[in-house]
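Only one structure is covered here, and it is reproduced in the block below.
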2 protein chains.
Amino acid sequence: MNIKDIAKISGVGISTVSRVLNNSGVVSDATRARVMSVVKQYNYVPNSNARNLKMTQSNTIALMVKGISNPFFANMIKEVERQVHLRGCPLLIQHIEDGVDEIGAAVQLVKEKNLCGVIFMGGTYDHSEEEFKQLTVPFVLTTITTIKEVDPSVFSSVSIDDVHSAYKATNYLISLGHRSICFLARFPLVENTIGNRRLLGYKKALEEHGIPYDPAFVEDCEYAPSFGFAAAKRLMNKNKGATAMFAASDAIAIGVAKAVLSSGLSIPGDMSIVGFDGIEMAEYYHPSLDTISQPGVEMAHVSVETLFDLIAGETANKHIVFESLLVKRGSSRKIN
Amino acid sequence: MNIKDIAKISGVGISTVSRVLNNSGVVSDATRARVMSVVKQYNYVPNSNARNLKMTQSNTIALMVKGISNPFFANMIKEVERQVHLRGCPLLIQHIEDGVDEIGAAVQLVKEKNLCGVIFMGGTYDHSEEEFKQLTVPFVLTTITTIKEVDPSVFSSVSIDDVHSAYKATNYLISLGHRSICFLARFPLVENTIGNRRLLGYKKALEEHGIPYDPAFVEDCEYAPSFGFAAAKRLMNKNKGATAMFAASDAIAIGVAKAVLSSGLSIPGDMSIVGFDGIEMAEYYHPSLDTISQPGVEMAHVSVETLFDLIAGETANKHIVFESLLVKRGSSRKIN
DNA sequence: GATGTGTATCGAAACGATTCGAATGTCGAA
DNA sequence: TTCGACATTCGAATCGTTTCGATACACATC
């Protein structure tokens, strides 16, 4: 069942059916009604492969995401799907494994499927300006850290200020009297990752308060509870005097909390904890975990909006920086 | 840059390029090398819209999923993506909102994009045999409850035995001496949902031990901590004598635990808790939550495997039922 | 009646791939 | 030299759309 069949059955020309289906051009009401009734009767759905081929343009959006199973991203992905779907576009999701060239994969996908836009989510991008320029369709980087110096006019982005956010968290702990504050994040070999950016904020806060930076207080740690647990154990062994831990993700913070509590210590009695992200599970931990909350859903929403603006012809790339929020719930306390 | 260009530059015919790219038919080594070098030089990627159009067949898989942001599903989705990607196929993800006709949406997608397979994940399907039969491509139902009686030869499925799993959990609590056991799950208006199935197991265990079923011990509850929290509060108010709570998801169980702990009660001292799913966060809760663990990642893996077997020509539909596992971690205790 | 102006419609060409029947070239045997 | 057999390669037709230039008709104007 194709457009030709519909045309024949309706007793009209092919182009008329096309115009009816796409609401383009003029069609008399009578003809439109006749065609639509045939379309409905036969449950005709236009073939998008043919359409995309002819238009050299599909309406498919691709989402390239690292850490698809991280609850923080899971919520964002859901919102991206919702917003993209709302605009009548299919969403292709590709999970980016470590070490894969995201931009290259996207470039290939764009050529192959004539995508109309790409959203990149999460991780650290080590790409040059030339590589970004290979993307011939609009794209948005969401919660992504870029390493190389790339002209901001080349890409759009939605993010928070990681340095300042970590600075706020550390500052908060310092203001409560803590001076032995541990920091947990992922530090891949490359520089300037999210972990490194947050480390910068952590260091800056320490420095401003004359607290010497001690690498022994910092642990490399994947963004998951099990890694947070193990890293916190190591930190507690190394640094008997530590009174606070700042984790670069709530998933880590939950592991940290578990390590503290299962050692027989109390939170915030013996150890104060601050996480990062603002996932629901951290709020329902006991005690509820303090955190730097990112407006993930809103960021996802704005990412899609920005992308569709670009698709609609907007030429100026935007860089939207959201405010993170220090949420105090009771996993930190004032000490002497 | 299309196949014709590549052919011209390589000095060969169009079909030769096609045969080189698809490893079909005979091509002399010299020609193959020449064509491949041109392909590489120009970064040529075949247009899949044209390919799919001509073949009336794409290699795209669609995943229709309810509860995309539920951490249990998030892990499964990741595995589905990984497995599908491994087989060189793009993955289209569509989140199913409440009240949407999943099968209808999939049927449309199949017609529109000539998909080669569909995976449905999560939720309760209220579809007749005729509706399933409209799906003209292989598909697999993963962790899905079907309401209507549908001939099993019509679809493939991957699941656990919900009734028996809930029975195991309830039995466990009863074996510890509990007789006032609350149950929390989602009960939509339709019958035979996952919640209802697990309720059946819960009731069966009670009945076998001569414990009368009391509807006051059961609360309707979405699969998220906030709902678990509120429902547990209601249950504790209604039933002062309750000593245990069985939640139909770990997300709920975390909310329940929070409600109990924040009321000043202890787990498992004053209240025993068992969850369902086996998500990492429940393990790192304090105390670690007992749960009925489903092998989600493995189920996702097998779903993709089953789907690709069907795509490869396997004609017999399979129904794979995984064993759930009662994981005892310390959120339940023996009472007199 | 000839002409002009809109309105509604038509259908051929094109998008970029696959594929099959046909064509070309090479080589050994008759 | 001619022929068949085999190994390669070629290109036209096709998939199901969109779109643009062309057409057909009605009606008002001159």
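In what follows, chains carry the letters A, B, and so on, assigned in the order in which the sequence lines appear, proteins first and then strands, with residues in each chain numbered from 1.
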Discussion item. Using every non-hydrogen atom in the two residues, find where A:I77 and A:I68 come nearest and quote the distance to one decimal.
Written reply: CD1-CG1, 3.6 Å
Practice prompt. With sequence neighbours excluded, give me every salt bridge (Lys or Arg N to Asp or Glu O under 4.0 Å) pair touching residues 85-108 of chain B.
Written response: B:K66-B:E102
Practice prompt. Step through the shown structure and confirm whether more than 12 heavy atoms of other residues, nucleotides or ligands are within 6.0 Å of NZ on A:K148.
Written response: yes
Worksheet entry | Euclidean distance, atom NZ of residue A:K8 to atom C1' of C:dC10 [Å, nearest integer] | 15 Å
Practice prompt. For DNA chain D, note the earliest and the latest nucleotide, 5' to 3', having some atom under 4.0 Å of a heavy atom belonging to chain B.
Written response: D:dT8 to D:dG16
Worksheet item: Over how many whole Å does the gap from B:D5 atom CG to C:dA17 atom C1' extend?
Response: 13 Å
Polar atoms only, N or O, under 3.5 Å: list the protein pairs with nucleotides 25-28 of chain C and their distances.
none

Discussion item. So, using side-chain contact (heavy atoms from CB on, under 4.5 Å) as the criterion, who are the partners of A:P90 when residues are at least two apart?
Written reply: A:N59, A:T60, B:L92, B:K113
Worksheet item: With A:N317, which of A:S153, A:S156, A:S157 fulfils side chain to side chain donor-acceptor pair (under 3.5 Å)?
Response: A:S156
Practice prompt. Could I get the full list of side-chain contact (heavy atoms from CB on, under 4.5 Å) partners for B:N43, not counting sequence neighbours?
Written response: A:K111
Fill in: Value in whole Å for how far the P atom of C:dG16 lies from CG of B:N22
17 Å
Worksheet item: At how many degrees, to 10°, do the end axes of the helix from C:dG1-D:dC30 to C:dA30-D:dT1 meet when each uses five pairs?
Response: 80°
Worksheet item: Starting at the 5' end of DNA chain D and moving along, which residue's nearest nucleotide shows up first, B:T56 or B:V27?
Response: B:V27
Worksheet entry | Partner set under ring-ring contact (aromatic ring centres under 6.0 Å, His included) for A:Y125, not counting sequence neighbours | A:F120, A:H127
Worksheet item: Any chance the side chains of A:N2 and A:N47 put a donor and an acceptor closer than 3.5 Å?
Response: no
Worksheet item: Counting distance only, does the side-chain N/O of A:E298 pair as donor-acceptor with the main-chain N or O of A:P295 below 3.5 Å?
Response: no
Item to complete: Name all residues meeting the side-chain hydrogen bond (donor to acceptor under 3.5 Å, both in side chains) criterion together with B:R82; count only those two or more places apart in sequence or in a different chain, and write none if there are none.
Response: B:E79
Discussion item. Quick one about B:S28 and B:T31 (side-chain donor to acceptor, distance below 3.5 Å, no hydrogens or angles considered), yes or no?
Written reply: yes
Discussion item. From CG of B:L53 over to P of C:dA17, roughly how many Å is that when rounded to an integer?
Written reply: 12 Å
Practice prompt. Would you please say whether a donor-acceptor pair under 3.5 Å links the side chains of A:T193 and A:T124?
Written response: no
Discussion item. Using 30° and 60° as the class boundaries, would you call the ring planes of A:H319 and A:F155 parallel, tilted or perpendicular?
Written reply: perpendicular
Worksheet item: Over how many whole Å does the gap from A:Q57 atom CD to C:dA14 atom C1' extend?
Response: 17 Å
Worksheet entry | Proximity to DNA chain D (any heavy atom under 4.0 Å), residues of residues 9-18 of chain B only | B:G11, B:V12, B:G13, B:S15, B:T16
Practice prompt. For residues B:I320 and B:V302, report the shortest heavy-atom separation together with the two atoms involved.
Written response: CD1-CG1, 3.4 Å
Fill in: Residues forming a salt bridge (charged side-chain N to carboxylate O under 4.0 Å, His left out) with A:K133, sequence neighbours excluded
A:E129
Response to the item:
Result for 5'-nearest mapping on DNA chain C, choosing between A:M55 and B:S24, is A:M55
Worksheet entry | Residue pairs involving residues 6-20 of chain A (criterion side chain to side chain donor-acceptor pair (under 3.5 Å); sequence neighbours excluded) | A:S18-A:N22
Fill in: Atom-pair distance (CG on B:N114; P on C:dT18), nearest Å
15 Å
Item to complete: Could you identify which residues of residues 41-52 of chain B place a heavy atom less than 4.0 Å from some atom of DNA chain D, listed by residue number, or say none?
Response: none
Fill in: Spacing of A:R19 atom CZ relative to C:dA8 atom P, expressed in whole Å
10 Å
